[in-house]
Amino acid sequence: MATNASLPIIGRFAPSPTGCLHSGSLVAAVGSYLMAKRGGGRWLLRLDDLDTARQVTGMADDIRRTLESFGLFWDGEVSCQSTNGDSYRQAFERLQQQGLLYPCGCSRKEIARAASAPHPDDDCIPYPGLCRDGIKSGAVVRSWRIRVPESEICFEDIRRGAICQNLANVCGDFAVRRGTDEYLYQLAVVVDDDLCGVNQVVRGDDLLSSTPRQIYLQRMLGIATPEYCHLPLVTGPDGSKLSKRDNLVSEQLGNLKGQEGQLLLSVLRFLGQDPPPELAGAACGDLLAWGVDCFDASRIPLRSGALPVQRGFPGSPSGGPGGRSINLLSPTRF
Ligand code: GLU
């Protein structure tokens with residue numbers, strides 16, 4: 001597999017300006033920042049503004065301000081997906097020249113009806129290949145799909161270990177563009193990261209299952225595969241999924257009356273790091289400086305958990321996700 005891991009690290013944080021930062025995105029921001037900086041690298045900020053319909057005015061500024069209030073300063077200019085349209089088109093044409101793409105006229109309903117097994121979530125239905133050998137004459141093109149192989153795509157995640165996925169079983173031929181000129185996340189993210197030379201992707205576990213699709217696209221486009229680290233997800237204390245609304249960093253900061261350092265400390269502990277007691281009450285700059293020197297990716301827990309926001313420091317156990325429960329010797333398959 002082509003990698004560019006021996007180059008100086010270029011990491012990134014790529015929030016979508018569809019809302020304020022939530023705890024999970026703060027974890028991704030801190031984790032990606034420290035892993036890039038710990039390796040002496042650069043940390044970029046990209047605003048994933050591809051989905052214009054879901055964007056909320058003012059959110060891009062809000063995200064920038066929130067990052068700055070934690071001392072998370074990015075290197076260079078902020079980049080935006082909305083300026084990368086030509087590069088998406090070129091990548092699309094490159095895939096098309098290889099005969100990998102085909103137009104698809106299927107609606108979600110048609111796909112669900114044709115799928116062999118019942119699927120609880122429409123997004124998880126592997127595409128049953130209805131248009132693989134040609135779209136019905138007169139049908140409207142709803143998307144462009146890429147043919148996927150029957151073989152497994154495997155990679156080594158820094159936190160999760162070996163991950164293998166058979167794309168044909170999990171998602172089938174997946175969409176890279178809508179029927180119109182709108183490019184979709186899986187293709188866009190691969191092109192965006194390549195344009196900025198990103199060679200380290202640190203982000204939430206919710207994107208783990210997308211990574212094999214992205215690696216497949218990288219291979220088909222001749223793009224080097226970055227190293228990946230998928231971070232634990234922030235849940236409620238009972239393990240429940242948090243809604244973005246309930247979990248806004250700006251509101252937590254409001255409750256903590258400007259104590260960004262306390263929230264940052266919670267994030268470090270959530271990521272399995274153990275800052276020394278002298279850093280109790282420290283400002284963000286000091287905590288990040290400690291993290292740049294001492295962040296240890298091997299301590300990031302495997303399980304998701306609650307962010308111990310309200311706990312004092314020093315004090316009782318971190319409350320972060322604990323215990324390694326996944327067998328690292330055999331690859332995780334899904
Ligand atoms: N923009 C995506 C999100 O906010 C993240 C993209 C990525 O990290 O690959 O969920």
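The figures here come from the full heavy-atom set of this structure, side chains too, leaving out hydrogens, waters and symmetry mates. Order of appearance sets the numbers: ligands from 1, and atoms from 1 within every ligand.
The ring of Y228 has its center closer than 6.0 angstrom to the ring center of F155. Between Y102 and W144, the ring centre distance reaches or exceeds 6.0 Å.
Between R12 and S32 the shortest side-chain heavy-atom distance does not fall below 4.5 Å.
One finds a salt bridge joining R160 and D205 here, because a Lys/Arg side-chain nitrogen approaches an Asp/Glu carboxylate oxygen to under 4.0 Å.
The contact set between ligand 1 and D48, taken as ligand atoms under 4.0 Å from a residue heavy atom, comprises 1 (N), 2 (C), 5 (C), 6 (C). For ligand 1, the atoms closer than 4.0 angstrom to any heavy atom of V189 are 9 (O).
Only the side chain of R12 comes within 4.0 Å of ligand 1, judged by heavy-atom distances. When heavy-atom distances to ligand 1 are checked against a 4.0 Å cut-off, V201 has no atom that comes that close, whether in backbone or side chain.
In this structure, of R46, Q214, R203, the residue bringing a heavy atom nearest to atom 9 (O) of ligand 1 is R203. One option in A14, G204, S32 has a heavy atom closer to atom 5 (C) of ligand 1 than any other, and that option is A14.
Every residue two or more places apart in sequence or in another chain was checked for a ring pair (Phe, Tyr, Trp, His ring centres under 6.0 Å) with Y216, and none qualifies.
The closest donor-acceptor contact from the side chain of D48 to the backbone of Q81 lies at 3.5 Å or more, if one exists at all.
Using a 4.0 Å cutoff on heavy atoms, Y185 counts as a contact of ligand 1.
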